[in-house]
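Remarks on the structure that follows.
Ligands are counted one by one from 1 in listed order, and the atoms in each one are counted from 1 as well.
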Amino acid sequence: MNNFPPTERTTLKRLPKRAVYDREAVYRILDEGFICHVGFVVDARPFVIPTGYARVDDKLLIHGSQASRMLRTLSKGIDVCVTVTLVDGLVLARSAFNHSMNYRSVVVLGQATVIDDPAEKLAALRALSEHMIPGRWEEVRGPSEQEMKATVVLSLPLAEVSAKVRVGPPLDDEEDYELEVWAGVIPLRLTASDPIPDPRLSLDVEAPAYAIDYERG
Ligand SMILES: Cc1cc2nc3c(=O)[nH]c(=O)nc-3n(C[C@H](O)[C@H](O)[C@H](O)COP(=O)(O)OP(=O)(O)OC[C@H]3O[C@@H](n4cnc5c(N)ncnc54)[C@H](O)[C@@H]3O)c2cc1C
């Protein structure tokens with residue numbers, strides 16, 4: 001299936017022309033980002049917690065400590081809402097009202113399940129690592145049995161999903177185009193600076209290429 005079928009919950013009502021349900025387009029957004037916000041309800045109270053993630057095929061993976069309330073709560077299979085946001089620019093219009101942002105965002109609804117199978121769990125942890133820092137997993141010490149036990153990995157199916165995308169210049173009211181005020185877009189992107197070695201790093205260990213040349217998108 002190339003499109004996520006919009007459901008009653010994932011149908012955009014505000015500016016529906018910005019809706020994207022194309023699976024590949026959604027995956028491109030998810031693959032560029034690596035931070036999501038996880039919304040869930042505990043004792044009738046909502047919480048939204050930021051965390052890392054990776055996409056593998058039609059699943060979103062998140063991980064964390066056994067002690068984490070977020071992970072423990074989601075392990076019960078309750079409803080969860082995960083959002084990912086990429087900000088591409090600030091859109092400066094001629095009126096205060098018409099200012100906007102260029103962005104690509106995804107909302108995923110569903111229930112997560114715990115990955116228990118040890119091989120699957122290890123593969124998921126590797127995917128999380130490789131999604132954030134490609135090349136890293138091969139170099140580091142892998143997780144011990146105890147570390148594996150201390151870690152929960154959850155898998156959320158990518159089934160009920162929508163994306164919303166804004167691109168382009170400001171959209172001003174027709175009469176405002178005559179105003180002598182600058183309008184346009186300030187593009188924004190996430191860039192890496194030079195890696196900073198750990199003060200305890202031995203001097204003969206050089207920074208790997210994946211750290212020096214790190215980039216996303
Ligand atoms: C960029 C980023 C990436 C992260 N990646 C991961 C990850 O991959 N795995 C992981 O387990 N955790 C990650 N975290 C930490 C995560 O946000 C939670 O703090 C952690 O998972 C513990 O969750 P909890 O539900 O047990 O928190 P609890 O300690 O039970 O939360 C109690 C309260 O503490 C406050 N709180 C908790 N977390 C935060 C926060 N991040 N910022 C502000 N207040 C907070 C809230 O008020 C919350 O209601 C990341 C955080 C950030 C910002």
Looking at Phe40, I'd like to know if the NZ or CZ of Arg69 sits under 6.0 Å from its six-membered ring centre while staying within 45 degrees of the ring's axis.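 Because its charged atom misses either the 6.0 Å distance or the 45° angle limit, Arg69 does not stack over Phe40.
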
Using the ring of Tyr210 (Phe, Tyr or Trp, six-membered ring only), decide whether Arg136 places NZ or CZ under 6.0 Å from its centre and within 45 degrees of its axis.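 Here Arg136 fails the 6.0 Å and 45° test against Tyr210.
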
[atom]: any protein heavy atom closer than 4.0 Å:
atom: atom 29 (O) of ligand 1; result: no
atom: atom 10 (C) of ligand 1; result: yes
atom: atom 44 (N) of ligand 1; result: no
atom: atom 34 (O) of ligand 1; result: no

Decide if the gap between the ring center of His131 and the ring center of Tyr53 is smaller than 6.0 angstrom. yes

side-chain contact (heavy atoms from CB on, under 4.5 Å), that's the test. Do Tyr103 and Val167 meet it? Break it down for me. CA-CA 7 Å; Tyr103 60 84; Val167 292; over 6 Å; no

To which protein heavy atom is [atom] closest, and what is the distance rounded to 0.1 Å?
atom: atom 7 (C) of ligand 1; value: Thr51 OG1, 2.9 Å
atom: atom 5 (N) of ligand 1; value: Gly52 N, 3.1 Å
atom: atom 18 (C) of ligand 1; value: Ile49 CG2, 3.7 Å
atom: atom 22 (C) of ligand 1; value: Ser68 OG, 4.0 Å
atom: atom 49 (O) of ligand 1; value: Arg69 NH2, 2.8 Å

Provide the number and element of each atom of ligand 1 under 4.0 Å from a heavy atom of Ile35.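 Here the atoms of ligand 1 in question are 1 (C), 3 (C).
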
For His63, counting its heavy atoms only, list the atoms of ligand 1 lying under 4.0 Å from any of them.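 Numbered from 1, ligand 1 contributes 7 (C), 8 (O), 9 (N), 10 (C), 11 (O).
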
Say whether Leu128 and Leu156 are linked into one hydrophobic cluster, either directly or through other cluster members, by side-chain heavy-atom distances under 4.5 angstrom. no

Counting only nitrogen or oxygen atoms and a 3.5 angstrom limit, does Met70 reach ligand 1? yes

Table please: side-chain donor-acceptor pairs of residues 185-196 below 3.5 Å, with sequence neighbours left out.
none

Enclosure of Met101 CE (heavy-atom neighbours >12, cutoff 6.0 Å): no

Please state which option from Pro50, Gly64, Cys36 has its nearest heavy atom closest to atom 40 (C) of ligand 1. Pro50

Could you tell me if the side chain of Glu24 sits less than 4.5 Å from the side chain of Asn2, heavy atoms only?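 No, their side chains stay 4.5 Å or more apart.
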
In terms of heavy-atom contacts, Asp172 and Tyr177 come closest through N-OH, 3.0 Å

